[in-house]
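Below is one structure, written out as structure tokens; the observations come after it.
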Amino acid sequence: MSDKLVLAVPSKGRLQENANAFFARAGLTVTTGRGARDYRGVLTGVENVEVAFLSASEIVKNLASGAAHLGVTGEDLVREAEAQSKVALLTPLGFGHANVVVAVPQAWIDVRNMFDLEDVALSFRARRGERMRVATKYVNTTRAFFREMGVTDYHIVESLGATEGAPAAGQAELIVDITSTGATLAANGLKVLDDGVILRSEANLVASLGAPWTPELREIARKILSRIAAEEEARMTREIVAVLDDEPPGLADGMAAFGAKLRRRGGHGRAIFSAAKAQAPALADWLIGQGAEEVVVRPVDYVFTKVNPLYDRLVSRLDAAGR
Ligand SMILES: Nc1ncnc2c1ncn2[C@@H]1O[C@H](COP(=O)(O)OP(=O)(O)OP(=O)(O)O)[C@@H](O)[C@H]1O
Ligand SMILES: O=P(O)(O)OC[C@H]1O[C@H](OP(=O)(O)OP(=O)(O)O)[C@H](O)[C@@H]1O
Ligand SMILES: [Mg+2]
């Protein structure tokens, strides 16, 4: 058994650049082996990590099978692979936003929602003696959603690319596919049903529940996750430096009102506070009102905390899975 933690990152496509930037922000640089075409790499910043470069859908397979410990991939692909019991979504990452939607020809002006779609299905069957066809690569997602919405009389045509073209090509009546700007749907004369957004997906940091999780590998994961959490926390936090000759009488109440903390008091009346980014300007203004000559607000790189919410989530999911 390998003593390395396998981290799966997108090797191409829409998530690649953002995923690398996300790790880099946390001080973790993903580097390829010798050439750009190598499929294994290393993570600078934490030892004993093997980076596997895979497509977003391969990443789901590797996490579900336990071949990778941690990875970045889309929630839509996790759901479609019905891998929710084999993996844990640790946190959404704020990129790779896209919706999985039910889209029908714009020419179907009377068809606005899934209820109308069931009517279409019934009349389609009555008139043609055939079932209405849905083109998609999200087969499992489609079946689950249509069942939930009471649409039963349809047939799935599995589509592996250019799904939006299927209705115009006469291969299907409607589609289920991923969209972000909506440009591809519009270009193909399709519209999303009012209640046809099946899933609002984004890239997630995902952990395998079935991978070998020895104490050593958990410790590597803990380090990676604490850096990521520290960077996330830092992005929301500002440090506020003020020179206050006398301690203002209402300091404690002021701190409470802004949700700020007095970190320490230095020489010559220097006081250092931390506060949420959104509160920093108002706190600075208040400190000026309390007699500060100048207040400096500065960003911070990392906020490491004793509790590590991402790692705690991993451990509790592993516990629940009996690992
Ligand atoms: N138009 C889009 N905008 C933003 N994210 C998208 C878009 N289309 C797909 N995605 C997201 O990107 C991920 C898929 O990425 P990508 O298409 O690069 O990989 P893949 O589908 O596995 O590879 P391939 O398309 O070559 O088979 C999915 O999680 C999906 O939600
Ligand atoms: O709403 P839009 O911004 O127009 O984006 C939607 C398109 O993007 C995705 O394709 P992708 O580029 O990932 O190619 P693929 O089908 O080969 O995966 C998806 O399959 C749509 O075709
Ligand atoms: Mg794609």
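Remember, it's 1-based here, ligands and their atoms both numbered in the order they're listed. For this chain, numbers begin at 1 and follow the sequence in order.
Applying the 4.0 Å criterion to heavy atoms of A56 picks out, from ligand 1, the atoms 14 (C), 15 (O), 19 (O), 22 (O). Annotation for ligand 2: atoms under 4.0 Å from non-hydrogen atoms of D177 are 20 (O). For ligand 1, the atoms sitting less than 4.0 Å from at least one non-hydrogen atom of G74 are 29 (O), numbered in the order shown with element in parentheses. Contact atoms of ligand 1 toward H97: 3 (N), 4 (C), 5 (N) (distance under 4.0 Å to a heavy atom of the residue). Each of the atoms 23 (O), 24 (P), 26 (O) of ligand 1 lies under 4.0 Å from some heavy atom of K12. Interface of G13 with ligand 1, defined as ligand atoms under 4.0 Å from a residue heavy atom, comprises 18 (O). Each of the following atoms of ligand 2 lies closer than 4.0 Å to a heavy atom of T184: 2 (P), 4 (O), 5 (O), 6 (C), 7 (C). Numbered from 1 in the order shown, with element, the atoms of ligand 2 that lie under 4.0 Å from a heavy atom of T179 read 1 (O). Within the listing of ligand 2, atoms 1 (O), 4 (O) sit less than 4.0 angstrom from a heavy atom of A183. Every atom of ligand 1 is numbered from 1 in the order shown, and the set under 4.0 Å from a heavy atom of D76 is 28 (C), 29 (O), 30 (C), 31 (O).
F95 and F22 have tilted rings, their planes meeting at an angle from 30° to 60° on a 0 to 90° scale.
Note on ligand 1: Q16 sits outside its first shell, no heavy atom being nearer than 4.0 Å. Contact analysis puts G182 in contact with ligand 2, with a non-hydrogen atom separation below 4.0 angstrom.
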- Item | D177 vs Y138, side-chain hydrogen bond (donor to acceptor under 3.5 Å, both in side chains): CA-CA, chis, key distance, verdict | CA-CA 7 Å; D177 203 4; Y138 292 92; 5.0 Å; no
- Tell me, with the steps shown, if R265 and E247 meet salt bridge (charged side-chain N to carboxylate O under 4.0 Å, His left out). CA-CA 10 Å; R265 299 218 55 156; E247 180 150 327; 2.9 Å; yes
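Residue E75 places no N or O, backbone or side chain, under 3.5 Å from any N or O of ligand 1. The shortest N/O to N/O separation between S180 and ligand 1 falls below 3.5 Å. Of the polar atoms of T73, none of the N or O atoms is found under 3.5 Å from an N or O of ligand 1, judged by distance alone. Residue-to-ligand polar distances keep L185 apart from ligand 2: every N/O pair is separated by 3.5 Å or more.
Counting non-hydrogen atoms of neighbouring residues, nucleotides and ligands closer than 6.0 angstrom, the CZ atom of R323 exceeds 12 such neighbours. Open room surrounds CZ on F115; 12 or fewer heavy atoms of other groups in view lie less than 6.0 Å from it. By the 6.0 Å contact criterion, CD on E219 is enclosed, its count of non-hydrogen atoms from other residues, nucleotides or ligands being greater than 12. Dense packing is recorded around CD of Q84, with more than 12 heavy atoms of other residues, nucleotides or ligands lying under 6.0 Å away. When the shell of 6.0 Å around CZ of R200 is examined, it contains 12 or fewer heavy atoms from other residues, nucleotides or ligands.
If you look at S57 next to ligand 1, the close heavy atoms, those under 4.0 Å, come from the backbone and the side chain alike.
Taking hydrophobic clusters as Ile, Leu, Val, Met, Phe, Trp and Tyr residues chained together by side-chain heavy-atom distances below 4.5 Å, I224 shares a cluster with V315.
Contacts classified as side chain to side chain donor-acceptor pair (under 3.5 Å) and involving residues 89-109 (residues at least two apart or in different chains) are not found.
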Run the side-chain donor-acceptor check on residues 160-171: report pairs under 3.5 Å with partners two or more places apart or on a different chain.
unit_1: T163; atom_1: OG1; unit_2: S159; atom_2: OG; d: 2.8

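Of the candidates K137, R14, E164, the one placing a heavy atom closest to atom 18 (O) of ligand 2 is K137.
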